[in-house]
Structure formats: structure tokens, C-alpha cells
Asks: 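Dropping a structure here in C-alpha cells format, bear with me for questions.
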Amino acid sequence: MMPGASVLEDKKMAERDHDNDPVLARKKLIELFEDIDAWRFTDAAFQQGRVALRPVCGRTPSDCEMIDYFIGCLRAEFPLLRTPLGEPPGCRGIGWVMNNPDGNHTYIKLRIEQDGVFDIAWVLSCHTSKHDKPT
């Protein structure tokens, strides 16, 4: 083993602790969303999110308004649920879900992804939930 290798491994594991701890994930997501260069949307999340968040924003929101909304939900400590991604579960990493934070049945799925040396917060999904509607 190279000298210092365990220190590097420990540092890398500490950086990924947010994959297992919702408190650390929330903190990291807020940090990344507050940096204009550290977040991305999937095309579907952006298009569907503009529709889903229209009632909350009172108009069709911009990407930055959507991010501000997510930050608000995270700061309000709305429950953040750990979700293994892919099939088999976890093969595509870990996602974090907020379900119905606004009372409008909005489903939001976020992911923290390492892109080289930087972390990126991805908005994977933002849409009106098909499963959380009153009967």
C-alpha cells in the first residue's frame, strides 16, 4: 500500500458520507444549489418541473427560481428520503427524494454526483406525483 493511501481513501469516503446520511446530504445539496455552477437538471426534470411548480410560484418558474424553491424545501427540513438508483438498486448511485413538500403532490428526486474533482447537484425528477393524490 502506498504511504498516505489510507488517508486518501478515508477522505474520499468522508466526502461520500452524504450518500448515507440525510443530514449531510441536505447540507451538501444546499451548498451545491447555492453555487450557480454546481447544479444541473435533466431535460425531463426541467420541463416537468416548470409545470409542477407553476402553482407554487404563481407563474412558470425559471431554472433559478426552481433551485431557490428546492433550497427552501431543504432548509425547511422537509423529509429527505434516501433512494438507491438503478436496477439493481444502487448501481447508479444514491438519490434523495422529497415527496409532496408543497401540498401540491410534487415529487422531487435529487442526486449528488462527483464530476472529476467537483460535486454536482442533479435534479433528476420534479413532477406532480401520480401516487400521492387524494382519493
Side-chain angles (χ1 to χ4, degrees):
M1 181 186 282
M2 281 183 14
S6 65
V7 172
L8 290 174
E9 288 173 11
D10 288 346
K11 183 174 190 274
K12 185 171 181 161
M13 285 185 66
E15 289 172 357
R16 304 307 302 170
D17 281 348
H18 54 70
D19 279 349
N20 297 308
D21 184 339
V23 173
L24 295 176
R26 181 182 310 278
K27 181 179 175 186
K28 186 66 170 179
L29 286 163
I30 291 169
E31 173 190 321
L32 294 170
F33 282 142
E34 288 180 333
D35 181 346
I36 192 73
D37 294 321
W39 50 264
R40 308 280 183 277
F41 283 87
T42 63
D43 290 339
F46 179 70
Q47 295 304 324
Q48 293 172 359
R50 290 180 54 131
V51 174
L53 296 181
R54 191 177 297 146
V56 176
C57 296
R59 62 189 177 87
T60 302
S62 69
D63 56 350
C64 290
E65 288 170 321
M66 291 168 64
I67 293 298
D68 287 344
Y69 174 75
F70 302 146
I71 291 171
C73 291
L74 290 164
R75 283 199 174 129
E77 297 192 8
F78 192 85
L80 198 57
L81 305 173
R82 184 180 186 272
T83 306
L85 302 173
E87 192 58 47
C91 71
R92 301 211 34 156
I94 299 299
W96 295 95
V97 171
M98 290 185 284
N99 197 12
N100 198 23
D102 52 16
N104 288 321
H105 311 290
T106 305
Y107 176 88
I108 301 163
K109 186 186 297 179
L110 310 169
R111 179 174 182 215
I112 302 165
E113 180 178 284
Q114 201 162 21
D115 182 25
V117 295
F118 300 104
D119 284 334
I120 301 289
W122 275 93
V123 181
L124 300 176
S125 298
C126 180
H127 57 84
T128 303
S129 176
K130 299 172 184 83
H131 306 289
D132 192 35
K133 293 189 179 177
T135 55

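One is the number of the first residue; the rest follow in order along the sequence.
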Asks: Which residues end up grouped with F118 if you chain together Ile, Leu, Val, Met, Phe, Trp and Tyr wherever their side-chain heavy atoms are less than 4.5 Å apart?
Replies: V117
Asks: Show your reasoning for whether side-chain contact (heavy atoms from CB on, under 4.5 Å) applies to C126 and Y107.
Replies: CA-CA 6 Å; C126 180; Y107 176 88; over 6 Å; no
Asks: Are H127 and S125 close enough, and set up right, to give a side-chain contact (heavy atoms from CB on, under 4.5 Å), and what steps lead you there?
Replies: CA-CA 6 Å; H127 57 84; S125 298; 3.9 Å; yes
Asks: Which atom pairs, donor and acceptor, lie under 3.5 Å between side-chain atoms of residues 79-89 and protein residues at least two apart or in another chain?
Replies:
{"from": "R82", "atom 1": "NE", "to": "D19", "atom 2": "O", "distance (Å)": "2.7"}
{"from": "R82", "atom 1": "NH2", "to": "N20", "atom 2": "OD1", "distance (Å)": "3.1"}
{"from": "T83", "atom 1": "OG1", "to": "L81", "atom 2": "O", "distance (Å)": "3.4"}

Asks: Donor-acceptor pair, N100 side chain versus N104 backbone, under 3.5 Å?
Replies: yes
Asks: Between R26 (side chain) and L74 (backbone), is there a donor-acceptor pair under 3.5 Å?
Replies: yes
Asks: Do V123 and F33 have side chains that get closer than 4.5 Å, going by heavy atoms?
Replies: yes
Asks: Assess the residue pair K28 and L24 against the criterion (side-chain contact (heavy atoms from CB on, under 4.5 Å)); give the C-alpha distance rounded to whole Å, side-chain angles, the decisive distance to 0.1 Å, and a yes or no.
Replies: CA-CA 6 Å; K28 186 66 170 179; L24 295 176; over 6 Å; no
Asks: Under the side chain to side chain donor-acceptor pair (under 3.5 Å) definition, can you give me all pairs with a residue in residues 42-52, not counting sequence neighbours?
Replies: none
Asks: Could you list the residues that satisfy ring pair (Phe, Tyr, Trp, His ring centres under 6.0 Å) with F46, not counting sequence neighbours?
Replies: F41
Asks: Indicate every side-chain donor-acceptor pair of residues 52-59 with a distance under 3.5 Å to a residue at least two apart or in another chain.
Replies:
{"from": "R54", "atom 1": "NE", "to": "T60", "atom 2": "OG1", "distance (Å)": "3.0"}
{"from": "R54", "atom 1": "NH2", "to": "T60", "atom 2": "OG1", "distance (Å)": "3.4"}
{"from": "R59", "atom 1": "NH2", "to": "E65", "atom 2": "OE1", "distance (Å)": "3.4"}
{"from": "R59", "atom 1": "NH2", "to": "E65", "atom 2": "OE2", "distance (Å)": "2.2"}

Asks: Can you name the side-chain hydrogen bond (donor to acceptor under 3.5 Å, both in side chains) partners of D102, sequence neighbours left out?
Replies: Y69, T106
Asks: Using a 4.5 Å cut-off on heavy atoms from C-beta on, say whether the side chain of W39 contacts that of D63.
Replies: yes
Asks: Report whether L124 and I108 are members of the same hydrophobic cluster (ILVMFWY, side-chain heavy atoms less than 4.5 Å apart, transitive linking).
Replies: no
Asks: Please tell me whether W122 and I67 are part of a single hydrophobic cluster in this structure, the criterion being side-chain heavy atoms less than 4.5 Å apart.
Replies: no
Asks: Nearest 0.5 angstrom please: D68 CG to S62 OG, how far?
Replies: 7.5 Å
